[in-house]
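Okay, structure first, notes after.
Below, chains carry the letters A, B, ... as their sequence lines are ordered, and counting in each starts from 1. These values consider heavy atoms only, across backbone and side chains, with no hydrogens, waters or symmetry-generated copies.
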Amino acid sequence: MSEEKSLNFIEEIVEADLASGKYQTILTRFPPEPNGYLHIGHAKSICLNFGLGLKYGGKTNLRFDDTNPTKEEVEYVDSIKEDVQWLGFSWANELYASDYFEQLYLFAVDLIKKELAYVDDLSAEEIATLKGTPTVSGMDSPHRTRTVEENLQLFADMRAGKYTDGEKVLRAKIDMSASNMHMRDPLLYRIKHAHHHRTGDAWCIYPMYDFAHGQSDSIENITHSICTLEFIPHRELYDWLIEKLDIFPSKQYEFARLNMTYTVMSKRKLLQLVTEGHVQGWDDPRMPTISGMRRRGFTAESIRSFCDKIGVAKRENMIDFSLLEFCLREDLNKSALRVMGVLDPVKLIITNYPEGQTEELVSENGPDEAYGTRIVPFSNTLWVERDDFMEVAAKKWFRLAPGATVRLKSAYIVRCDGFTKDADGIVNEIHCSYLPETKSGHDTSGMSVKGTIHWVSVEHALPAEVRLYERLFKAENPSTEEGDFKEYINEDSLTIIPNARVERSLARATIESRYQFLRKGYFCLDKESTPEKMVFNRTVTLKDAWSKTANKA
RNA sequence: UGGGUUAUGGUGUAAUGGUAACACAACAGAUUUUGAUUCUGUCUUUCUAGGUUCGAAUCCUAGUAACCCAACCA
């Protein structure tokens, strides 16, 4: 009955650990540093970590890895919490690495007492030099042999603020000739006289990632600590510290981070796009951030479905943006309300329809009957899409052109009799005659036409601003192209249509609602929308078979 | 020229010594009052070379390629 879906390699590990009795229950964690907004790559990690907790009856913590006060802000903490919740996940505990600063300090003291850590006076440059290179062994620092007592005093003095930034560091005493560079006496603590967003000025020494992350995992009894591939070299140190400290043995597992075509995924690059004004903010609808995608109209369900489909493995990958669009359309098709909106309006006049007459026509709201119907007003003067008309019909053209017949969605079949142009030669009126016996739902004509187009009544339509988006970059992988990634920014990624016309039912549109503007795509209200001026974002277009046909001709 | 990780269609992901499959993409066709949706079909795959085996994507050997590691970032 239930379809067997194969497990990813992490689920296999979890199932084995559960089956062997190694753990009765699992505990995972999502550990962002609050130094930026979450993006679709984080969504993969969130779905993995929280998904594991859900699937195996375990729990998942949200832990902020806030050990670098100069880069972190509460603004980011707040946005991260909002994004995780919006994605549909609940954490067992909201935790901060900074909550463990005192405990971490005691761990460090423990290492010193075990002669496994020492205070070094060397400068950053000197330490780097003595570290050697991957092919050349490193050399011991002259301070490596300090006594336990001396180290204890010096470390206490570091904490007490007796030294300036960079004057001293605490290092693990491991092996300066290790083939793994991370084992060449890695830094554990550095001095930073900086204000921390949570601990304020209580501390002037801060633990490094390697001395905070694994220890925090251990303190929380995290069973499976899942991170991305670039942390593989850290695992040896992760295990070493846990072993020497003799604390709960959390285990680290690594998977390949998400890469996607036509965008960038590093916080550094995203931050640059924001600060240099290439986009309007972290939640710009073109950004691959969760907040940007949310504003653009993505549903949480579509993002979860995407994360499920891309799988989890250790191989470098580059996912087609089209898979994300597929997941989006798949979800929106099921749930979006159907409405009519004309993006680039041109007048269509029905010459044989009584001037001033209005009919209330019935149109379906959604993909199935459960969505019900609504009334759309019809009259002799309509707005239709400019690109639904051709002065001379192309091959296989099913829409308006002189002599051609089309159905007006939920209304009548009309025949195009002619058109007029303004002084600049732009078509400004399309003249048609309607066939009264073809009224939608009451069609007795037996006629069938190939094309159906959307419309709104000029008298009844509402004006709206519509924003159309295209991919942010012109290159599939801007990060690996020649030169700077910003050279590949698509300058035409935003098109603003100031004066589109939408059907009047949209006056009741809410920010949560998702709409399909018939034949034009999925849309949602933007946060900048006001009752005086509606603003819609196009989330994604509909698949468009005609444009392919047209391009081939 | 050190260490680590990974190689399966155009892109992802499965197959855990026994018929290489699923999804996306692409391409055809059917249905359609959205050129949407839905439905049907087509296309294309095990990095290379040896070996073990009745049988290899999977095991062995040797290559090759890509990515990661020398931040007082995470």
Side-chain angles (χ1 to χ4, degrees), chain A residues 5-8 12 31-33 35 65-68 70-72 97 120 122-124 127-129 131-138 165-171 178-184 187-192 205-206 208-210 212-213 227-236 254 256 261 267-268 309-327 329-330 333-334 338 340 363-364 367 396-399 406-411 413 438 440-441 443 448-454 516-521 541-550:
Chain A
K5 190 169 182 287
S6 55
L7 305 176
N8 65 50
E12 284 182 358
E33 181 188 13
N35 67 343
D65 234 336
D66 57 349
T67 56
N68 186 354
T70 56
K71 287 189 174 176
E72 296 149 6
D120 200 345
L122 261 27
S123 69
I127 287 176
T129 306
K131 194 163 251 180
T133 70
T135 53
V136 178
S137 179
D165 290 9
E167 210 177 329
K168 286 188 166 39
V169 291
L170 183 74
R171 301 177 72 178
S179 56
N180 181 348
M181 297 298 287
H182 294 276
M183 299 300 276
R184 320 245 269 222
L187 268 61
L188 267 21
Y189 268 92
R190 78 290 215 184
I191 298 171
K192 269 181 195 267
I205 57 171
Y206 291 92
M208 298 289 289
Y209 166 84
D210 285 305
H213 200 100
C227 60
T228 47
L229 253 28
E230 64 270 27
F231 290 97
I232 289 177
H234 294 254
R235 190 175 60 222
E236 192 179 354
E254 311 87 5
T261 54
K267 275 188 196 167
R268 201 197 94 242
K309 285 186 172 71
I310 59 177
V312 177
K314 300 187 82 148
R315 180 168 19 160
E316 294 289 335
N317 58 76
M318 179 63 75
I319 309 284
D320 271 349
F321 193 80
S322 59
L323 180 62
L324 217 207
E325 290 186 325
F326 168 81
C327 296
R329 292 190 183 109
E330 184 184 44
N333 178 51
K334 286 184 291 191
R338 267 58 171 178
M340 294 197 279
S363 194
E364 63 277 11
K396 291 189 180 167
W397 178 254
F398 301 157
R399 312 178 195 172
V406 298
R407 174 170 292 280
L408 297 173
K409 172 68 183 174
S410 299
I413 291 176
T438 60
S440 184
D443 192 333
S448 75
V449 291
K450 279 250 172 107
T452 299
I453 63 171
H454 60 281
Q516 185 195 105
F517 285 16
L518 248 43
R519 306 205 301 134
K520 287 279 117 180
T541 61
L542 259 25
K543 281 207 337 198
D544 183 4
W546 163 249
S547 70
K548 283 179 191 165
T549 310

Short N/O separations, protein against nucleotides 36-47 of chain B, under 3.5 angstrom:
unit_1 : atom_1 : unit_2 : atom_2 : d
B/rU37 : O2'    : A/N333 : ND2    : 3.0

Taking the [atom1] atom in each of [N] and [M], what is the distance between them to the nearest angstrom?
N: B/rU53; M: B/rU44; atom1: P; value: 34 Å
N: B/rU42; M: B/rG55; atom1: C1'; value: 31 Å
N: B/rG9; M: B/rC24; atom1: C1'; value: 12 Å
N: B/rU5; M: B/rC59; atom1: P; value: 15 Å
N: B/rA7; M: B/rA57; atom1: P; value: 16 Å
N: B/rC22; M: B/rG29; atom1: P; value: 24 Å
N: B/rU45; M: B/rG51; atom1: P; value: 24 Å
N: B/rU46; M: B/rA28; atom1: C1'; value: 28 Å

What contact category does [X] fall into here, base, sugar-phosphate, or nothing, at under 4.0 angstrom with non-hydrogen atoms?
X: A/F398; result: base
X: A/G138; result: nothing
X: A/L518; result: base

Nearest whole Å is fine: how far is [N] [atom2] from [X] [atom1]?
X: A/K520; N: B/rG35; atom1: NZ; atom2: C1'; result: 12 Å
X: A/K309; N: B/rG12; atom1: NZ; atom2: C1'; result: 12 Å
X: A/E236; N: B/rU5; atom1: CD; atom2: P; result: 11 Å
X: A/M318; N: B/rU11; atom1: CE; atom2: C1'; result: 10 Å
X: A/I232; N: B/rG4; atom1: CD1; atom2: P; result: 12 Å
X: A/L323; N: B/rA23; atom1: CG; atom2: P; result: 12 Å
X: A/F326; N: B/rC22; atom1: CZ; atom2: P; result: 15 Å

TODO: For residues A/I453 and A/L408, determine if any side-chain heavy atom of one lies less than 4.5 Å from a side-chain heavy atom of the other.
DONE: yes
TODO: Sugar-phosphate atoms are those with a prime plus P, OP1 and OP2; base atoms are the rest. Using that split, label each nucleotide of nucleotides 64-74 of chain B B, S or - for protein heavy atoms under 4.0 Å, 5' to 3'.
DONE: ---SSSBSBSB
TODO: Let me have a per-nucleotide readout for nucleotides 27-32 of chain B, 5' to 3', with B, S or -, counting only protein heavy atoms under 4.0 Å.
DONE: SS----
Should the side chain of [X] and the base of [N] be counted as holding a donor-acceptor pair, with the cut-off at 3.5 Å?
X: A/R407; N: B/rU33; value: yes
X: A/R399; N: B/rG35; value: yes
X: A/S440; N: B/rU33; value: yes

Open item on the list: Tell me if a side-chain donor or acceptor on A/T228 pairs with a main-chain N or O of A/A256 at a distance below 3.5 Å.
Closed with: no
- [ ] Can you measure from CG (A/N8) to CD1 (A/I310) and round to the nearest 0.5 angstrom?
- [x] 11.0 Å
Task: Distance (rounded to the nearest 0.5 Å) between A/H454 NE2 and A/F517 CZ - done: 9.5 Å
Listed partners of [X] passing side chain to side chain contact (heavy atoms under 4.5 Å, CB included), at least two apart:
X: A/S547; answer: A/D544
X: A/R407; answer: A/I413, A/T438, A/S440, A/D443, A/V449, A/T452
X: A/M208; answer: A/L187, A/R190

Contacts of type salt bridge (charged side-chain N to carboxylate O under 4.0 Å, His left out), residue [X], not counting sequence neighbours:
X: A/E167; answer: none
X: A/K131; answer: none
X: A/R171; answer: A/D120
X: A/D165; answer: none

- [ ] For the residue pair A/E236 and A/N180, confirm or rule out a side-chain donor-acceptor distance under 3.5 Å.
- [x] yes
Open item on the list: Any carboxylate oxygen within less than 4.0 angstrom of a Lys/Arg side-chain nitrogen, looking at A/R235 and A/E254?
Closed with: yes
- [ ] With RNA chain B as reference, determine whether A/P367 or A/V312 sits nearer its 5' end, using the nearest nucleotide of each.
- [x] A/V312
TODO: From the options B/rG2, B/rG12, B/rA14, select the nucleotide whose nearest atom is closest to the side chain of A/T135.
DONE: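 The answer is B/rG2, which lies nearest to the side chain.
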Open item on the list: If you only use heavy atoms from C-beta on, which nucleotide in B/rU5, B/rU33, B/rG10 is closest to the side chain of A/K409?
Closed with: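 Selected nucleotide: B/rU33.
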- [ ] Identify, with sequence neighbours excluded, every residue that meets ring-ring contact (aromatic ring centres under 6.0 Å, His included) alongside A/Y209.
- [x]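 Scan of A/Y209 (ring-ring contact (aromatic ring centres under 6.0 Å, His included), adjacent residues dropped) gives A/H213, A/F231, A/H234.
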Open item on the list: Please check if the number of heavy atoms outside A/K396 that lie under 6.0 Å from its NZ is greater than 12.
Closed with: no
TODO: Search all heavy atoms of A/P134 against all heavy atoms of A/R184 and return the closest pair with its distance.
DONE: N-NH2, 4.4 Å
TODO: Let me have RNA chain B in dot-bracket notation, would you? Count Watson-Crick plus G-U wobble pairs, both distances under 3.5 Å, and use [ ] for pairs crossing earlier ones and | for inter-strand partners.
DONE: .((((((..((((....[..)))).(((((.......)))))....(((((..]....))))))))))).....
